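Here's the structure we're looking at; comments come further down.
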Number of protein chains: 2
Amino acid sequence: MGKEPEDTIASRISRVLADRIVRGELAPGARLRQDHIAEEFETSHVPVREAFRRLEAQGLAISEPRRGVRVASFDLAEVREVAEMRAVLEVLALRHAARHLTPAILDAAEDAAREGDAAADVHAWEAANRRFHRLILAPCGMKRLLASIDDLHAASARFLFSAWQSGWEKRTDHDHRAILSALRQGKSDEAAAILQKHVQWIGRGPQPAKTGAARETFAIVG
Amino acid sequence: MGKEPEDTIASRISRVLADRIVRGELAPGARLRQDHIAEEFETSHVPVREAFRRLEAQGLAISEPRRGVRVASFDLAEVREVAEMRAVLEVLALRHAARHLTPAILDAAEDAAREGDAAADVHAWEAANRRFHRLILAPCGMKRLLASIDDLHAASARFLFSAWQSGWEKRTDHDHRAILSALRQGKSDEAAAILQKHVQWIGRGPQPAKTGAARETFAIVG
DNA sequence: GGAATAAAAATTATCTATAATTTGAGAAGG
DNA sequence: CCTTCTCAAATTATAGATAATTTTTATTCC
């Protein structure tokens, strides 16, 4: 019954730490001390070090030999870099996924879009948004590509969360609807074009400065 | 004098193992036993395990909890996946690098192209080819993008080496020349278009079956 | 008072040891 | 002869211990 895959301790630690970094609970530049983390997870530091290697590969942490590991910092340039990578990779994935999209999948994506519009806070919105993208891209069946996109989503989400500590506001995402509409009509090129612009906007437009400007930036985070 | 950064043991092990996997010295599916590797490198298995995590993230090895790590296998579908990812990411990089390309860089790339044409074996060719691509892409200054491309190059090289165990033959790579020519004339869109096709061809065309067909496939591996 | 320096504390990287799981060889049964 | 079981050997995963390096704190000298 209750199959408990409960994989290695290292992977659990890396998941938890990745989540904290993405959510901003661990600030950029913060030191990750292996003994402290080991103590928190009630293990030795060996699995912790393995988790660090994973975070490093994901671009969420930076390790300097003998000097420890810290949370990776990121600037606007990197946010744009990630956005552009996502744009080309998601378009590639969508092109391959298109032929495998069923009405059922598109309905599920529609649900995710609705859920995003109704989200009460930025975390709920991000989860729904991620689900939307994953649903329409996963049918491409390209594991490596999907894994890369997941990592880039995490990086995007970091930026998103850092900009909206507070002040969320419901709103309809027209891009998501337009993508679905195009896909339902079999116009996959059009869907890909919208997706590309949709994603590429991240990090452009008004700087996420004071809370006042926050609302404007919303539209450009997908 | 001889500054010896000689970073952590784990990173050295991961570099060596990655090289062996790419060159095909370690066959797909082969088990990587931590104690044996530790013994070979005269260390304990702890750094070895850290190296494994790195290889896993690069897609060169696959780890199953409690069952060990094996060299990742790859099929034609994955080769194409990697080729398509490279195509879109390298084009993205080139678009950003274009404005920063100097005549000196293009000359160095020309050298690399010549070196590739004169290569006596497949390893020499691959090294020159990689150098060519890196030279024209690095000026984009996007670290994450370049790191992803490097990983994809490793995956491509694996395929290349598996196809050409022997039977190398000198030959001029016209695509490389055409890309440089376009770049020298400031036609970066044209250069990007050629690059895209150049890379995308990998894994297409005649199957790398018997040694006889090998020659044909050459033209389409870049 | 502040830079320079030396001793102490904390932290990383690695090694050795132990527990737990898997693989594989051989024996028993159909 | 092939399957299934049992037990030993090999292997993985984690813990605990040690050496080496970095960071911090305290102290001296100008």
Side-chain angles (χ1 to χ4, degrees), chain A residues 1-21 25-73, chain B residues 1-21 25-73:
Chain A
M1 59 217 70
K3 78 161 163 55
E4 201 168 338
E6 189 56 35
D7 34 19
T8 178
I9 294 180
S11 76
R12 185 165 59 89
I13 296 177
S14 102
R15 268 199 307 278
V16 173
L17 291 182
D19 192 59
R20 284 184 196 164
I21 294 172
E25 293 168 25
L26 287 169
R31 288 189 66 172
L32 299 175
R33 292 188 210 87
Q34 56 186 40
D35 281 6
H36 297 192
I37 295 170
E39 196 174 2
E40 178 192 339
F41 286 89
E42 296 178 288
T43 74
S44 85
H45 56 251
V46 179
V48 175
R49 293 180 58 81
E50 291 183 39
F52 284 171
R53 295 296 154 281
R54 179 102 207 287
L55 295 172
E56 216 183 335
Q58 289 178 296
L60 293 177
I62 289 178
S63 164
E64 292 183 280
R66 292 268 163 204
R67 318 203 47 194
V69 176
R70 7 183 104 251
V71 176
S73 51
Chain B
M1 62 213 69
K3 78 160 165 52
E4 202 168 337
E6 189 56 37
D7 34 20
T8 177
I9 293 180
S11 76
R12 185 165 58 89
I13 295 177
S14 101
R15 268 199 307 277
V16 173
L17 291 182
D19 193 59
R20 285 183 196 166
I21 294 172
E25 292 167 24
L26 288 168
R31 288 189 67 172
L32 298 176
R33 292 187 209 94
Q34 56 186 39
D35 281 6
H36 297 193
I37 294 170
E39 195 174 3
E40 178 191 338
F41 287 89
E42 295 178 289
T43 72
S44 84
H45 59 251
V46 179
V48 176
R49 292 179 59 81
E50 291 184 37
F52 284 170
R53 295 297 157 275
R54 178 102 207 287
L55 295 172
E56 216 183 335
Q58 290 178 294
L60 293 177
I62 290 179
S63 164
E64 293 182 279
R66 292 268 164 205
R67 318 203 45 194
V69 176
R70 6 183 106 250
V71 176
S73 52

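Naming convention: chains lettered A, B, ... in sequence-line order (proteins, then strands); numbering from 1 in each chain. These numbers come from a predicted model, not from an experiment. Because only heavy atoms are used, hydrogens play no part in the values below, and waters and symmetry mates are left out as well, while side chains stay in.
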inquiry  = Applying a 4.0 Å non-hydrogen cut-off, can you work out what B:Arg66 is touching in the nucleic acid: base, sugar-phosphate, or nothing?
reply    = base
key: Contacts of A:Glu50 that satisfy salt bridge (charged side-chain N to carboxylate O under 4.0 Å, His left out) - sequence neighbours left out   = B:Arg49, B:Arg53
query = Rounded to the nearest 0.5 Å, how far does CZ of A:Arg67 lie from CZ of A:Arg31?
reply = 8.5 Å
query = Roughly how far, to the nearest 0.5 Å, is the CD1 atom of A:Ile13 from the CG atom of A:Leu32?
reply = 11.5 Å
request  = Just jot down the salt bridge (charged side-chain N to carboxylate O under 4.0 Å, His left out) partners of B:Arg20, sequence neighbours excluded, or say none.
outcome  = B:Glu40
ask   = Where each pair must be Watson-Crick or G-U wobble with both distances under 3.5 Å, what dot-bracket representation of DNA chain D is obtained, with crossing pairs in [ ] and other-strand partners as |?
value = ||||||||||||||||||||||||||||||
ask   = Is atom CD of B:Glu25 surrounded by more than 12 heavy atoms (other residues, nucleotides or ligands) closer than 6.0 Å?
value = yes
query = DNA chain D: A:Pro65 or A:Pro47, which has the more 5' nearest nucleotide?
reply = A:Pro47
request  = Nearest 0.5 Å please: distance from the CD1 atom of B:Ile9 over to the OG atom of B:Ser14.
outcome  = 12.5 Å
request  = Name the first nucleotide and the last nucleotide along DNA chain D (5' to 3') that come under 4.0 Å of a heavy atom in chain B.
outcome  = D:dT11 to D:dT14
task = Take the protein atom CZ of A:Arg49 and the nucleotide atom P of C:dC15, then report the distance between them rounded to whole Å.
result = 11 Å
Partner set under salt bridge (charged side-chain N to carboxylate O under 4.0 Å, His left out) for B:Asp19, not counting sequence neighbours = B:Arg23
task = Could you grab the distance from atom CD1 of A:Ile62 to atom OG of A:Ser73, nearest 0.5 Å is fine?
result = 6.0 Å
message = Below 4.0 angstrom, which residues in residues 28-45 of chain A have at least one non-hydrogen atom near DNA chain C?
response = A:Arg31, A:Leu32, A:Arg33, A:Gln34, A:Asp35, A:His36, A:His45
message = Run A:Val69 and A:Leu55 through side chain to side chain contact (heavy atoms under 4.5 Å, CB included) and show every step you take.
response = CA-CA 10 Å; A:Val69 176; A:Leu55 295 172; over 6 Å; no
request  = State the CZ-CG distance between B:Arg66 and A:Asp7, to the nearest 0.5 angstrom.
outcome  = 11.5 Å
